[in-house]
Q: 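Take a look at this one; I'll ask things after.
Position 1 is the first residue of the sequence, and the numbers go up from there.
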Amino acid sequence: MTQYAYFIYPGRLFRRPYIQKAVMSPLQNDTFLRALLKQPVEYTPIWMMRQAGRYLPEYKSARAQAGSFLDLCKNTELATEVTIQPLERFDLDAAILFSDILTVPDAMGLGLYFAEGEGPKFERPLQHKADIAKLEVPDMAKLQYVFDAVTSIRNALNGRVPLIGFSGSPFTLACYMVEGGGSKEFRTIKTMMYSRPDLLHKILETNAQAVTAYLNAQIDAGAQAVQIFDTWGGVLNDVAFEEFSLKYMQQIVAGLKRESEGRQVPVIIFAKGGGLWLEKMAAIGADALGLDWTCNIGEARHRVGEKVALQGNFDPFALFGTPESIRTEVARILGDYGHGSGHVFNLGHGINQHANPEHAKILVDTVHELSRQYHK
């Protein structure tokens, strides 16, 4: 029989499955967490967005074994395996939960499926007032497979490195929910935004409450940091970004648990294409901002000051260069950031499925080698 924990947010009663955490091993490498909190570190830590993925042959094998991408996400043993796979190849400073940002709208009953060669799609997109009116925060029991994976991964890591949990931002989730899948123009959601903003705000408010509950449950299950992916916030103009994206990410940050297992749980905001709004994003209460490759990280550091740490921002396609060009680009980014803590090295977006794993290893090893001079 499932037991539930109940909580109020904001002014409404929600429930999520009660998660009995296993005894977690103490961290052997907490460099990533210390850097996010701008505490002294010996070198610049690194992890890669989408580090468990199709560029690794062992991942392809596990996905074939699972049968489909969604089945892989929902298989605790295999989700644990693919999360750990990149750590066996590379000296990474963090693991990230293997899952998908669309698990939340799937739990809302929109019917997520993955069309071959077309990416994620929803059987029942939100394009009518009546459907939007019925939208509710899902019962977190429907996402128990995610929380089970978090706890399983923490146990498998055995304190090796921290585990990152994540979710899509309310606006990014809404893009898929309204468009019914991926989009190049975002015509349907922008039509709603300009003609019926009240309907979009209803979706975004529901998403914000759901993401808050979802990330808090991941923290309860063992996530030691969380990242909110605002993949499509950059398609908005400056006024719309603040109203339809930033406002709801701030609401989530305010509702998150910020301590677990006696440690602070850092929060990272990553808005692809969000370089114009760094100062505004730095003011919402997160611990770190993720940067895409279009920003100069030194200029970004100057703009945000000491408010937040910065994560990024190697162009994923720079991995298609030579070993020498990869090392040169790493040196440039480290030099642009300069001395001191507060930098987590990462890609400016997810690693490409055609990237050479050997080049990813060069990236990781070079960051560790060259960054020590900036932490003396």
Side-chain angles (χ1 to χ4, degrees), residues 1-9 12-22 52 66 68-83 95-114 120-124 126 134-156 163-174 176-177 203-229 231 248-249 251-253 255-257 260 265 267:
M1 186 178 200
T2 304
Q3 293 181 301
Y4 294 94
Y6 292 86
F7 64 102
I8 297 175
Y9 173 83
R12 291 178 59 192
L13 184 67
F14 295 101
R15 71 174 188 171
R16 60 172 173 262
Y18 175 75
I19 299 166
Q20 180 65 50
K21 280 198 293 192
S68 72
F69 176 77
L70 273 180
D71 287 336
L72 180 56
C73 291
K74 295 180 178 182
N75 184 310
T76 302
E77 183 178 343
L78 289 177
T80 301
E81 179 183 327
V82 297
T83 299
I96 183 166
L97 164 69
F98 180 78
S99 188
D100 191 82
I101 64 170
L102 299 182
T103 52
V104 170
D106 183 44
M108 292 172 168
L110 272 62
L112 175 65
Y113 68 98
F114 286 81
K121 291 185 176 295
F122 285 109
E123 296 173 358
R124 294 173 288 280
L126 295 175
K134 293 185 289 187
L135 188 69
E136 294 183 340
V137 175
D139 186 336
M140 289 293 132
K142 295 178 180 177
L143 292 159
Q144 185 62 44
Y145 66 91
V146 177
F147 314 136
D148 288 344
V150 170
T151 301
S152 173
I153 294 162
R154 275 295 306 274
N155 286 328
L163 175 62
I164 306 165
F166 72 91
S167 176
S169 72
F171 179 76
T172 289
L173 296 181
Y176 289 99
M177 295 161 73
I203 297 170
L204 294 170
E205 175 63 33
T206 305
N207 285 353
Q209 293 181 15
V211 168
T212 304
Y214 182 54
L215 290 178
N216 278 335
Q218 289 185 37
I219 293 168
D220 283 345
Q224 292 152 292
V226 292
Q227 176 159 314
I228 300 169
F229 284 86
T231 309
Y248 292 99
M249 289 194 288
Q251 181 176 321
I252 293 166
V253 171
L256 289 179
K257 295 187 173 186
S260 181
V265 179
V267 178

Q: Checking the side chain of Arg124 only, and the main-chain atoms of Gly109 only, is there a donor and an acceptor separated by less than 3.5 Å?
A: yes
Q: Run the side chain to side chain donor-acceptor pair (under 3.5 Å) test against Ser169 and tell me which residues pass, sequence neighbours left out.
A: Thr172, Asp230
Q: Output, in order, the C-alpha distance, side-chain angles, deciding distance and verdict of side-chain contact (heavy atoms from CB on, under 4.5 Å) for Phe171 and Met249.
A: CA-CA 9 Å; Phe171 179 76; Met249 289 194 288; over 6 Å; no
Q: Are the side chains of Leu135 and Leu126 in touch, meaning some heavy atoms are under 4.5 Å apart?
A: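 Yes - at least one pair of side-chain heavy atoms lies under 4.5 Å apart.
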Q: If you take all heavy atoms of Val82 and Ala52, which pair is closest and at what distance?
A: O-CB, 3.1 Å
Q: Are the side chains of Lys257 and Asp220 in contact, using a 4.5 Å heavy-atom criterion?
A: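 Contact flag for Asp220/Lys257 side chains = yes.
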Q: How many angstroms lie between CG in Asn216 and CG in Leu256, if you round to the nearest 0.5 Å?
A: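 Nearest 0.5 Å value for the CG-CG distance: 5.0 Å.
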Q: For Phe114, what residues pass the ring-ring contact (aromatic ring centres under 6.0 Å, His included) criterion, not counting sequence neighbours?
A: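 For Phe114, the residues satisfying ring-ring contact (aromatic ring centres under 6.0 Å, His included) (neighbours in sequence not counted) are Phe69.
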Q: Looking at residues at least two apart in the chain, or sitting in another chain, which of them share a side chain to side chain contact (heavy atoms under 4.5 Å, CB included) with Val265?
A: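 Residues passing side chain to side chain contact (heavy atoms under 4.5 Å, CB included) with Val265: Ile219, Ser260.
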Q: CD1 of Ile252 to CD1 of Ile228: how many Å apart, nearest 0.5 Å?
A: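 That separation rounds to 4.5 Å.
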Q: Yes or no on side-chain contact (heavy atoms from CB on, under 4.5 Å) for Thr80 and Phe98, after CA distance, side-chain angles and deciding distance?
A: CA-CA 7 Å; Thr80 301; Phe98 180 78; over 6 Å; no
Q: Once side chain to side chain donor-acceptor pair (under 3.5 Å) is applied, do any residues pair with Ser99, and if so which ones, sequence neighbours excluded?
A: none
Q: Mind listing the closest non-hydrogen atom pair of Ala107 and Lys142 along with its distance?
A: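 So the two residues come closest at O-CD, 3.4 Å.
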Q: Could you check whether any side-chain heavy atom of Leu112 comes within less than 4.5 Å of a side-chain heavy atom of Pro120, counting everything from C-beta outward?
A: yes
Q: My understanding is that only residues two or more places apart in sequence, or in another chain, count here; which of them pass side chain to side chain donor-acceptor pair (under 3.5 Å) with Asn75?
A: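 Per chain and number, Asn75 pairs via side chain to side chain donor-acceptor pair (under 3.5 Å) with no residue.
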Q: What's the separation between atom CG in Leu110 and atom CE in Met177, rounded to the nearest 0.5 Å?
A: 5.0 Å
Q: I need the full list of salt bridge (Lys or Arg N to Asp or Glu O under 4.0 Å) pairs touching residues 102-111, with sequence neighbours left out, sorted by first then second residue.
A: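 Those involving residues 102-111 are Lys74-Asp106.
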Q: What is the minimum heavy-atom distance between Ile101 and Leu173, and which atoms define it?
A: O-CD2, 3.1 Å
Q: For Ala66 and Asp71, work out which heavy atoms get closest and say how close.
A: O-CB, 3.5 Å
Q: State which residues pass side chain to side chain contact (heavy atoms under 4.5 Å, CB included) with Ala174; sequence neighbours excluded, sorted by chain then number.
A: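 In terms of side chain to side chain contact (heavy atoms under 4.5 Å, CB included), with neighbours along the sequence ignored, Ala174 is linked to Ile189, Leu200, Ile203, Leu204, Asn207.
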Q: Mind listing the closest non-hydrogen atom pair of Met108 and Glu136 along with its distance?
A: CG-O, 3.8 Å
Q: I need the Ile153 CD1 to Leu163 CG distance, nearest 0.5 Å.
A: 5.5 Å
Q: Excluding sequence neighbours, so at least two apart, what forms side chain to side chain donor-acceptor pair (under 3.5 Å) with Thr76?
A: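 Not a single residue meets the side chain to side chain donor-acceptor pair (under 3.5 Å) criterion with Thr76.
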Q: In chain order, what residues pass the ring-ring contact (aromatic ring centres under 6.0 Å, His included) check against Tyr248, with sequence neighbours excluded?
A: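 Applying ring-ring contact (aromatic ring centres under 6.0 Å, His included) to Tyr248 gives His201.
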Q: Using only atom types and a distance under 3.5 Å, with no angle test, would you say the side chain of Thr151 pairs donor to acceptor with the backbone of Asp148?
A: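 No; judged by distance alone, with no hydrogens or angles, the pair does not exist.
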Q: If you apply the rule side chain to side chain donor-acceptor pair (under 3.5 Å), what do you find for Gln209 with Gln251, and how did you get there?
A: CA-CA 8 Å; Gln209 293 181 15; Gln251 181 176 321; over 6 Å; no
Q: Sequence neighbours excluded, which residues qualify as ring-ring contact (aromatic ring centres under 6.0 Å, His included) partners of Phe229?
A: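 Expected list: Phe166.
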Q: Identify the two heavy atoms, one from Val150 and one from Gln218, that lie closest to each other, and give their separation to 0.1 Å.
A: CG1-O, 3.7 Å
Q: Once rounded to the nearest 0.5 Å, what's the spacing between atom OG1 of Thr103 and atom CG of Leu70?
A: 9.5 Å
Q: Return the CG to CD distance between Leu78 and Glu81, rounded to the nearest 0.5 Å.
A: 5.5 Å
